[in-house]
Amino acid sequence: MSVENGIGASVRRKEDQRFITGNGHYLDDLNRVGQAYGYFLRSPHAFAKIKSIDLDAAKAAPGVVDIFTGKDMVADGIGGLICGWGITSKDGTPHKAPPHNSMAVDAVRHVGDQVAFVIADSLQQAKDAAELIEVDYGTLTPVTNIAKALAPGAPQVHEEAPGNLCYDWELGDKTAVDAAFAKAAHVTKLDLINNRLSPNPMEPRAALGEYDAGSGELTLYTTSQNPHVARLIMSAFLGIAPENKLRVVAPDVGGGFGSKIFVYAEETTTIWAAKKINRPVKWTADRSEAFLTDAHGRDHVTHAELATDNDGKILAFKVSTQANMGAYLSTFASAVPTYLYGTLLSGQYKIPSIYVEVKAGFTNTTPVDAYRGAGRPEATYVVERMMDTAARDLKMDPTEFRLKNFIQPDAYPYETPVIMTYDSGDYPLSMNNAKGMIDYNGFAARKAKSEANGKLRGIGCAAYIEACGIAPSAAVGSLGAGVGLWESAEVRFNPTGSVTVFTGSHSHGQGHETTFAQIIADKLGVPIDSVEVVHGDTSKVPFGMGTYGSRSLAVGGSAIVKAVDKIVEKSKKIAAHLMEASVGGIEHEHGVFSVAGTDKKLTMGEIAFAAYVPHNYPADLEPGMAENAFYDPLNFTFPAGTHIAEVEIDPATGVVDIVDWAASDDFGNVINPMIVEGQVHGGVAQGIGQAMLEGVQYDEDSGQLLTGSYMDYCMPRADDLPNFRVATTNTPCPSNPLGVKGCGEAGAIAAPAALMNAIVNALGKDIDMPATAEKVWRAANSN
Amino acid sequence: MYSFDYERPSGINEAASALGEDDKFLAGGQTLIPTLKLRLAQAGKLVDLGGIAELKGISSNGSELSIGAMTRHADVANSADVKSAIPALAALASHIGDAQVRNRGTIGGSISNNDPAADYPAALVGLGATVHTNKRSISAEDFFVDLFETALEENEIVTKISFPIPEKAGYAKFPNPASRFALTGVFVAKTANGARVAVTGAGPSVFRQTDMEAALSGNFSADAIAGIKTSASGLNADIHASAEYRANLISVMAGRAVKAAS
Ligand SMILES: Cc1cc2nc3c(=O)[nH]c(=O)nc-3n(C[C@H](O)[C@H](O)[C@H](O)COP(=O)(O)OP(=O)(O)OC[C@H]3O[C@@H](n4cnc5c(N)ncnc54)[C@H](O)[C@@H]3O)c2cc1C
């Protein structure tokens, strides 16, 4: 028996009706009675001491309610923003986390740093008043580039971090790696830059704070991917209000890509200020502020070396990376270039020994933190660019070189030298599948045809792996995480048989309202239109760790399954009572409970009704039908696959035309293939953006952001993208009840390496991302 | 945005006399409104030219095509008159910005703004057009003075642009990948008086490539200019492209414009 709109059905997204008809409730759509508007005066300098701030004229301006500075928050006992993951350096010292006040106290450290919060009756009045604030800055020489920041003699961004060093971390067995390199037949070396990206969610960040003087309760509406974590940090570390007096609501949120995981200064300032003035305050970022202050992604400089033997077998891998943290340590910044990066450097390969060291440092730039993929795209980029480069050195076909070194399908569980235990997969299958999809073997003929037309043609692949379903609490705890990464769910039947699912996984574009409803439809036979998914409100949902790291389905979905299991268990007891059978004799399938060997049966709806109208009900059972569950994963999940890109280059202009794209992904079981395909498209689009178009640039002398608008920061558009061939293979995940692995980040992880390998293949020489037309033109026309 | 007054006169003279020292004419608003919104500019009053009927419309008499200053890019792109007289001009207009921009932005606003990366200046100079104002007529080459600078005086309103109809013309644009303005665009025209080649996007303001004009006047074919290079010195250099790359694009786009000419 199968169920309509159950697991595996490409159900149209329930939420899209409200989104595409303009009926969503994004943050800026919300307004409270008596609301005032907040505007941040931001630093025009990359690095400066604040000598004085004169607010007098601004406070006297029309409509101004009040103006606050960092000193006011400190005086009020409000703590600084924190980084929730402690990294330990090689020498055993903890990472340096210099003070990070919501607003600058005595210095500004990047262009856009918060200097004052102006609150007025209207936004225009707040902006007008901000122009009247006089700040006396003593400007300092900034440093924006990570390699320069870590070099001797660089300007010091924080006194607390000498040499701008946040940490100098390592993982793996250096001795074993050095020994393997010493006897290797070949050593391939590669230098790479992973370009800094701006996240660009469609909805800019915003916050609306409200204080109820009667109850003493504060409510913060905010664009967050994890409202409970925001509440926890604001209560425990900043001291804004006790958790029971602080409600955080993240309504419809227009995308995040990671950038809305973090607790930001604007949110903490807004909610604090609402209490100070005893009036609701709304702050909405404009796009310029988003470019300046949304945490950026990537920004690594890496040197890597791969040792191979005469048969093309990999012997050892060593990687040395410098990671730019920006001006302050953002909420999870420290983990991204370490435990989300170094641990994935084994890729899909059997590599006997690996050693990675990462120096993270501070610069006068926007803080850098997790962005779609977070550490794993950087790892895949290093591994997969290296595999192509090594294959070229060894004069082997890059796919053959990979196939020769893949972890084999019978090798699971497979423990890598960088502390991951891969649980399942079939890497040769994904690779061969992708090769078939793109007619890899026909490439030579296509290349000849392009050459006859004066064009260059290249093909390149990326066999990526990611660790998702973040994450087993004990594992991350032992690696320095300040929180456990489980998830919660409640499945609550209403008396008439409809269901409300409360989940800690926040949806900001992922389609949870549909996918989670499909799980309920499948397991309990409730039509998806009768299932409501509630998320994003700390006063409604038990607790939630939020959405990131492709964890919603693997962790949040598993919590729902656990709650469903409890519902089924209780329902069997009710069914047994009502049908006068033994509990052991009740069979359950898709919400139908039957007595084995008879035609007696009851539906889930009938049982739920009996639970709420318990006129005929088991004496030992509580009425009602609602169950709670918390799920802590046993392991990470390991989505993996191969993407292959094919490009044609016009050497006259350097324009790269992506002519074909094959994505063969193993996400384990798939609940909604259409949503999964959409996630792959979106991820690949972002990966293509990174590889060819995007890149945050600062002026190195002034520290000014040069790419502060869409006139200069190039986002991928539909006409930059090819038609994607997308397919999935399936090795179900053995560690969660749904057998799912996660798909949200895969495209962004695979695409940059695949595309760059194709471009490098066409050019016959290395170039760095982004492969702009000019860079490609120069490479195509130089010897 | 700072507050401003707004006026919508219905005649050209009325508009000219309505404009005070701190005031600005408003056409499609596609450049002006964003700069006001970002507080990069301030106006005491906006004098909206949208209510002046005589500034709109397209006409052709067989030897000359006339386009009113307030004619929107979309109207130029879709005009049967333009398509038959100078198809390259219609094609150029169809690639300005996006649909919203083309439905608001005007030819008069575009040339009065003289963005170094705008498309229309190449067509005006490439076709040897004349800019008519409420005060005088100015040849396109004299009109575009420098970066964001034109020959327009205070209170001077562009009323229409007249284009001599060429034997054939072509435009090739290499868009800036981010803004989609012209990183380099080349407009070529074959006229009774010889060939004209105008380059936008590459320099501080539109300019003629006279070496190419000479070569094309003898032989209007891509081969004729295949070897002709433009010096990079004086060309724009920014985060999107170096001067050398723009110089290369002039050669490539010129060849493509000649091939596309019809
Ligand atoms: C997203 C985007 C993409 C764009 N892409 C391109 C592109 O690819 N190529 C391109 O060429 N352009 C592009 N543009 C610019 C567009 O073409 C604008 O329409 C043009 O720059 C200005 O025209 P407007 O009618 O909007 O003028 P406005 O913005 O209203 O005015 C511009 C200036 O001209 C003055 N002015 C306007 N009309 C007259 C007149 N008749 N007489 C005297 N002064 C006048 C105004 O006072 C103002 O100073 C783009 C714009 C945007 C927003």
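Since we're looking at a predicted model, the values are computed, not measured. Lettering of chains follows the sequences in order, A, B, ..., and the numbering in each one begins at 1.
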For chain A, which residues from [range] lie under 4.5 Å away (heavy-atom distances)?
range	answer
residues 226-235 of chain B	none
residues 168-182 of chain B	B:F174, B:N176, B:P177, B:A178, B:S179, B:R180, B:F181
residues 250-262 of chain B	B:V252, B:M253, B:R256

Charged N-O contact under 4.0 Å between [X] and [Y]:
X	Y	answer
A:E648	A:R457	yes
A:R205	A:D294	yes
A:K282	A:D28	yes
A:E774	B:R246	no

Which bit of [X] comes within less than 4.5 Å of chain B, counting heavy atoms only: side chain, backbone, both or neither?
X	answer
A:D286	neither
A:T653	both
A:S288	side chain
A:M711	both
A:D699	neither
A:K127	both

- When rounded to the nearest 0.5 Å, the distance separating CG of A:L706 from CD of A:Q704 is 8.0 Å
Would you find more than 12 non-hydrogen atoms of other residues, nucleotides or ligands less than 6.0 Å from [X] atom [atom1]?
X	atom1	result
A:N723	CG	no
B:K37	NZ	no
A:N783	CG	no
B:R104	CZ	no
A:E134	CD	no

- Contact class of B:S242 relative to chain A, heavy atoms under 4.5 angstrom: both
- Task: Examine whether an atom of B:L183 lies under 4.5 Å from a heavy atom of chain A, and if so say whether it belongs to the side chain, the backbone or both; otherwise answer neither.
- Result: neither
- Item | B:N103 side chain to B:A99 backbone, donor-acceptor under 3.5 Å | yes
- Query: Backbone N or O of B:D211 within a donor-acceptor pair of the B:Q209 side chain at under 3.5 Å?
  - Reply: yes
- Taking atom types as modelled and ignoring hydrogens, do the side chains of B:D48 and B:Y6 form a donor-acceptor contact shorter than 3.5 angstrom? yes
- From the list A:R717, A:Q124, A:E694, A:Q697, the residue making the most non-hydrogen contacts under 4.5 Å with chain B is A:R717
- Message: Taking the ring centre of each residue, are A:W283 and A:Y39 less than 6.0 Å apart?
- Response: no
- Query: So, is the end of the B:R196 side chain (NZ or CZ) under 6.0 Å from the ring centre of B:F187 and within 45° of the ring's axis?
  - Reply: no
- Message: I need the full list of ring pair (Phe, Tyr, Trp, His ring centres under 6.0 Å) pairs touching residues 93-122 of chain B, with sequence neighbours left out, sorted by first then second residue.
- Response: B:H73-B:Y120
- Note on the structure: Minimal heavy-atom distance between B:F4 and B:A43, with the atoms involved, is CB-O, 3.1 Å
- Of all heavy-atom pairs linking A:A751 and A:G687, the shortest is CB-CA, 3.7 Å
- Looking at B:I239, B:L249, B:L38, which makes the most heavy-atom pairs under 4.5 Å with chain A? B:I239
